[in-house]
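Predicted model only: the values in this text are computed from it and were never measured. Counting starts at 1 for both ligands and their atoms, following the listed order.
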Amino acid sequence: MIPETFTNLHRLHNTLTRTLNRSGGTFKWKGHWFANMDMLITTDPLDIHHVLSKNFSNYPKGQKYRKLFDIFGDGIINLDGHLWEIHRKTIMSLFRQPNFQSVFEAVVWNKVESGLLPVLESISKTGMEIDLQEIFQRFTFDTICKVLLDYDPQSLSLNFPYIPCEKAWVDITDGMLYRHLIPPIFWKVQRLLRMGNEKKLSDAYNAVYHFVDKCLARIQHESINMESEHVHESFGLVTSLVTEFKSQSGNFGYPPKNFVRDTIVTLLGAGRDTTSTTLSWFFYLVAKNPIVEDKIREEIQTFLEMKVDDQKNWNSKEPEILPSGHHVSQNTRIILYYYGMGRMEKIWGKDCTEFKPERWISEKGGIKHEPSSKFVAFSGGPRTCLGKDMSFTQLKIVASTIIYHYHIELVEGHPVIPSASMVLMMKHGLKVRLTKISI
Ligand code: HEM
């Protein structure tokens, strides 16, 4: 049953969403006794608010989560309690440094000019089809590496170089989901024997660690050989990470072993496929709705003339009853089902599956904001995504650059379906043809 579920994940999502729509948004699933995997799947905004915000302290991620996402080690995504608080404050204060946003913007613009536009220009001239998803994965990999590690691997170049760490993330996000779908005992045995999905994961982990360790060794080497007053200017993030950890942790003292590596790997993982996948689905929808493409282009033009935005697991520490009336205990794995949430008639109305960007625009013409318990793409409560602003910067710059310069046409007959991965990438990529717009 599991391998079939895995290969037909998009059908599973559709069936699950239909069932949730019929059952009022939440249902409980009793797993096999040997798997110890009872599940409560919910799309109910009140339950989501309860778990993520109101009774946050009763829903730590726990050891099970940490074992599933072992690639991130002691990175923020795996932590609970006091250590999580320190990591959160540390990363927040780095991302909120006065010049951080402008440095990030500069990195993104630079990649647009040195990588994205030359590649699109060259491909559009030949009239060949391209996989836009791959372009976005390479783009976001280069920018996140540059910001975190002060190193641009230039994976988005005309010769499309093979960089093991860049490719490894696809195996990691697929493999993580596989671990979620099978009883833990199975993947643990596979890991012990280094076979199947676990062999692939282990190779992918090694590729990531090798890349990150090499970059960190270079930073360390260069910082030793540099005049102390220049260290901060060049290697801001890694150096500041340790300094900031010490200041945030008070008497906690020195960062744990592997602190820098785990943090960098976590931020690489958090920052790459999330943004590239968002861009891929955005362009898929835009290409299917040319009127929207035209409207966006018109807006960019006006703007320029004037010179002037998955799913998660939680366990309950103490048994309790959720707002939807469902009882949860320590053995209930709670799935906050984000895919289904975006398709719930109860939340968004009968037209919830139609592409209507205007639903996000208020009567006065501004952006209509929804509470994070309803629009949960960036999570909510104390664990809200820390890279939301970064990803919006990147999404806006890339989307407007491409729409301004090119008309996008989907390659007919190419199947666009979600892959079996933690971040819902497109299984076969997004094959398109580009036509240059004469400006
Ligand atoms: C469209 C892009 C993005 C989406 C949809 C997104 C979504 C999310 C979600 C759903 C979570 C909660 C995960 C969980 O609790 O298990 C999260 C957490 C997080 N995200 Fe993002 N993210 C995006 C981009 C980024 C970027 C670019 C970064 C920065 C490099 C980033 C950094 C983080 C961090 C550090 C956390 C952990 C917060 C915590 O546990 O306190 N994200 N993100």
Original post:
Numbering the atoms of ligand 1 from 1, which are under 4.0 Å from a heavy atom of Ile144?
Top reply: 30 (C)
Original post:
Thinking salt bridges, do Glu299 and Lys295 make one under a 4.0 Å N-O criterion?
Top reply: no
Original post:
Out of Tyr65, Phe378, Trp84, whose heavy atom is nearest to atom 6 (C) of ligand 1?
Top reply: Phe378
Subject >> Numbering as shown, the atoms of ligand 1 that approach Thr275 to under 4.0 Å (heavy-atom distance) >> reply: 2 (C)
**OP:** Could you tell me whether the side chains of Asp70 and Tyr205 share a donor-acceptor contact shorter than 3.5 Å?
**Re:** yes
Subject >> Interfacing atoms of ligand 1 (cut-off 4.0 Å, heavy-atom, Ser379) >> reply: 10 (C), 11 (C), 12 (C)
Subject >> Numbered atoms and elements of ligand 1 in range of Ile76, under 4.0 angstrom, heavy atoms >> reply: 35 (C), 39 (C), 40 (O), 41 (O)
Original post:
Are Arg66 and Asp74 within salt-bridge range, i.e. N to O under 4.0 Å?
Top reply: yes
Original post:
Quick one: which of Gly387, Ser372, Gly269 has a heavy atom closest to atom 28 (C) of ligand 1?
Top reply: Gly387
Original post:
Using a heavy-atom cut-off of under 4.0 Å, does the side chain or the backbone of Lys388 touch ligand 1, or both, or neither?
Top reply: neither
Subject >> Salt bridge flag under 4.0 Å for residues Glu129 and Arg433 >> reply: yes
**OP:** May I ask you to list the atoms of ligand 1 that are less than 4.0 angstrom from any heavy atom of Arg88?
**Re:** 38 (C), 39 (C), 41 (O)
Subject >> Centroid-centroid under 6.0 Å between Phe95 and Phe104 rings >> reply: no
**OP:** Indicate whether any N or O donor in one side chain lies under 3.5 Å from an N or O acceptor in the other, for Asp142 and Gln154.
**Re:** no
Original post:
Which option, Pro382, Ser391, Ala270, Gly75, owns the non-hydrogen atom nearest atom 25 (C) of ligand 1?
Top reply: Ala270
**OP:** Could you list the atoms of ligand 1 found under 4.0 angstrom from a heavy atom of Leu267?
**Re:** 30 (C), 35 (C)
Subject >> Pair Asn14, Tyr339: side-chain N/O donor-acceptor within cut-off below 3.5 Å >> reply: yes
Original post:
Aromatic ring centroids of Phe259 and His87 under 6.0 Å?
Top reply: yes
Subject >> Closest to atom 10 (C) of ligand 1 among Gly380, Ala377, Cys385, Gly271 (heavy-atom distance) >> reply: Ala377
Original post:
Going by the order shown, which atoms of ligand 1 are within less than 4.0 Å of some heavy atom of Thr278?
Top reply: 1 (C)
